There are 2 protein chains.
Amino acid sequence: MTKKEVTIYDIARNLGISTSTVSRGLQNDPVVNKNTRKKIVDAAKELGYRYNNFASSLRKQQSNTIGLIVHELNSNFITSVLAGIEKVTTAAGYDLIIAHSSESYTKEAANTLNLFHKRVDGLIASLAFDTNDLSHFQPYFDKGIPVIFFDRVEENSNHTSVVIDNYKCGYQVTQHLIEQGCKRIVHITANLKRNVYGQRYRGYKDALFDNGIPLDKKLLLVNDLSEKASKEAALQILSIKPLPDAVFVTNDFAAAVCIQILKEHGVSIPGDIAVAGFNNDAICKIVEPQLTTVDYPGIDMGEIAARSLVNHLKGLNNLKQTNTIIVRSELIIRASSLRKTH
Amino acid sequence: MTKKEVTIYDIARNLGISTSTVSRGLQNDPVVNKNTRKKIVDAAKELGYRYNNFASSLRKQQSNTIGLIVHELNSNFITSVLAGIEKVTTAAGYDLIIAHSSESYTKEAANTLNLFHKRVDGLIASLAFDTNDLSHFQPYFDKGIPVIFFDRVEENSNHTSVVIDNYKCGYQVTQHLIEQGCKRIVHITANLKRNVYGQRYRGYKDALFDNGIPLDKKLLLVNDLSEKASKEAALQILSIKPLPDAVFVTNDFAAAVCIQILKEHGVSIPGDIAVAGFNNDAICKIVEPQLTTVDYPGIDMGEIAARSLVNHLKGLNNLKQTNTIIVRSELIIRASSLRKTH
DNA sequence: CATGGCATTACAATCGGTTGCGTAAAAATC
DNA sequence: GATTTTTACGCAACCGATTGTAATGCCATG
């Protein structure tokens with residue numbers, strides 16, 4: 001069976017010194033003599049000592065852990081964010097606990113509570129599709145545990161958030177499609193209550209308006225951007241008379257599925273219908289024609305969010321002063337939307 | 001600032017009972033009276049009590065947490081595994097800490113150690129590309145902490161592992177390509193020391209042998225299956241004279257990139273070169289032609305691995321009795337390899 | 001030789017649940 | 001009504017590291 005754990009008491013007894021000295025020695029506290037420190041470290045190694053995070057966290061009243069709640073893990077974007085966050089938190093000596101909600105509010109709330117009980121020192125979160133309020137974060141707010149939202153945030157909340165300018169991106173994509181001569185632009189997106197989709201839609205709407213193109217509600221398709229939904233959306237597009245001349249999808253994978261179905265039905269891309277996606281996933285360069293999209297700097301968002309949190313935890317800045325941080329983003333034009341050669 | 005934490009002592013004082021009763025009451029121990037239990041739970045809610053995992057874990061000497069080490073997070077396969085694992089661990093009341101190595105042995109070792117210090121009750125792991133030995137898991141073995149490997153495992157080790165029959169899959173794919181009339185089959189794969197690639201290669205080799213096709217070392221391309229490497233591999237294929245008539249890539253994304261480059265150079269798929277991938281990622285149905293591949297039951301592997309671990313932890317079975325669990329897998333034939341119509 | 005200063009180390013309380021064991025009271029048994 | 005059994009709860013010792021404060025020893029200074 002499991003052997004007895006080695007503790008600082010064992011080290012202390014072994015060396016004939018006190019546990020406080022051992023504790024300080026292991027923390028490299030300069031107050032303990034260099035030689036003693038070395039002896040402690042050596043003894044620890046030799047005895048097979050392992051640090052007990054529980055005892056430490058219990059006593060110190062902090063976990064040295066940051067919680068991360070994401071809506072999904074399966075996109076390039078989110079793994080980039082993860083990389084950015086990890087880079088910063090690891091460097092700052094924090095551990096990271098990742099929880100994902102699979103786009104479900106229920107799971108998100110459960111994870112939020114769980115991480116609260118795990119006593120994370122801070123939280124970074126991207127909300128699920130159907131999250132409508134932030135009441136499940138209330139315990140954090142009450143206890144003064146910092147929470148930073150990124151990408152999928154709640155609008156009109158005065159919590160710190162790191163986002164891109166979704167409105168501008170939506171506007172840019174639409175403007176680009178219009179400049180390619182498109183006038184009947186379908187917009188396939190998800191729950192408009194979620195900021196990223198709502199804002200992009202507003203950009204789309206305003207771009208149409210500014211170009212004197214009437215908004216046609218029939219061209220707005222809201223679904224969950226899954227493979228199945230995307231296929232159905234593509235079929236629906238085919239049934240619209242006259243055929244639309246562009247599709248702006250707020251997700252690259254969904255756009256790829258659309259392109260596929262449209263092509264299967266003899267529609268030429270971008271000749272008949274120009275298509276644009278969102279996120280700049282790896283898939284963009286695989287589909288034919290290659291997909292116009294918006295590049296979304298995941299790694300930067302992750303780094304910025306994590307750095308803000310870490311700085312706050314170390315007392316270097318105060319989150320209450322910064323509300324929204326907007327990260328640059330960029331329209332990337334590829335063949336799927338190019339109808340005019342300049 | 002952070003208000004003082006509410007503890008079971010506060011609840012006890014409030015109700016004029018002892019902490020032991022409170023503790024038992026909160027655990028729903030039937031030994032405490034129903035009414036008292038209700039009073040405790042109510043008081044806890046009212047006072048804003050939150051359970052302290054650290055105190056509990058410290059005392060109980062267990063974390064109720066399972067560690068998961070994966071090589072990456074960005075594939076469909078791995079997120080399926082994750083879903084399977086989560087389903088089981090959540091149901092069994094365990095928390096999950098996910099760590100990913102980004103295919104780096106160094107990070108894998110660091111994560112392994114970190115989870116060890118976090119005192120996970122058990123570990124589920126899929127190894128990185130370049131992991132050659134299991135010495136970083138030694139602390140677990142020494143302490144008797146169960147470790148289950150899945151997918152990317154170390155061969156010839158007598159640790160419990162959950163895998164598919166990679167040899168058979170490699171054989172099947174190759175056999176299928178041969179049956180389509182291919183004779184010069186390129187094999188693009190990664191580090192052959194890693195079981196999944198080594199076994200598939202052996203299947204490839206044996207299928208060739210059994211069909212009387214000589215093994216041509218020039219047709220074996222080993223790289224890291226990244227986008228860049230796949231492009232280079234495709235260009236390399238184009239330079240082989242005479243042109244090969246099939247490519248078996250051990251990763252769908254890499255296969256997709258290859259197809260793209262080959263097509264750009266006027267190669268017809270599958271007419272000139274038949275292509276097969278591995279994993280049955282969503283991308284398979286996006287590329288043109290749709291990609292022949294091997295379906296890999298991620299969710300099952302996750303469930304099986306997690307269930308074995310959980311059962312072991314609960315004392316329901318003993319891992320030392322089960323060594324290797326093989327999960328079913330299936331060749332999925334699509335247009336990218338179909339040269340003959342039956 | 002006494003005293004002050006500095007460098008080291010020890011003492012002991014503390015963090016918040018958990019649990020074996022003991023006991024009191026209530027219920028059941030004869 | 002006495003005794004046994006049940007039910008319900010309390011006592012107190014843990015788990016292992018941290019840290020404010022006190023104490024020790026040493027050297028230097030006057």
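Chain A is the first sequence line, chain B the second, and so forth, proteins listed ahead of strands; every chain is numbered from 1. As the structure is a computational prediction, the values presented were derived from the model and not from experiment.
Between Lys143(B) and Glu5(A) there is a salt bridge, with a side-chain nitrogen of the basic residue lying less than 4.0 Å from a carboxylate oxygen of the acidic one. By the 4.0 Å N-to-carboxylate-O rule, Arg194(B) lies close enough to Glu154(B) to be salt-bridged with it. Comment: Glu86(B) engages Lys107(A) in a salt bridge, judged by a side-chain N to carboxylate O separation of less than 4.0 angstrom.
Contacts of Val31(A) with the nucleic acid, taken as non-hydrogen atoms under 4.0 Å apart, include base atoms. The residue Gly16(A) sits close only to the backbone: its heavy atoms come under 4.0 Å of sugar-phosphate atoms, none of a base. Residue Thr36(A) is in sugar-phosphate contact alone, with no base atom involved, counting any heavy-atom pair closer than 4.0 Å across all strands shown.
Distance CG (Asn33(A)) to P (dC26(D)): 13 Å, rounded to an integer number of Å. Atom C1' of nucleotide dT9(C) and atom CG of Asn35(A) are separated by 14 Å, given to the nearest angstrom. Asn53(B) places its CG atom 15 Å from the C1' atom of dC15(D), with the value rounded to the nearest Å. Remark: P of dG10(D) and CD1 of Ile11(B) are 14 Å apart, rounded to the nearest angstrom. Rounded to whole angstrom, the span from the NZ atom of Lys34(B) across to the C1' atom of dA26(C) amounts to 19 Å. Here the C1' atom of nucleotide dG10(D) and the CZ atom of Arg13(B) are 16 Å apart, to the nearest Å.
Cation-pi geometry between Arg50(A) and Phe116(B) is satisfied (NZ or CZ under 6.0 Å from the ring centre, within 45° of the ring normal).
Enclosure of atom NZ in Lys39(A) is not indicated, since only 12 or fewer non-hydrogen atoms of other residues, nucleotides or ligands lie within 6.0 angstrom.
Residues Ser56(A) and Tyr51(A) have side chains that bring a donor and an acceptor to within less than 3.5 angstrom of each other.
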Sequence-aligned protein contact record of nucleotides 13-19 of chain C, with B where the base is within under 4.0 Å of a protein heavy atom and S where only the sugar-phosphate is: BBBBBBB

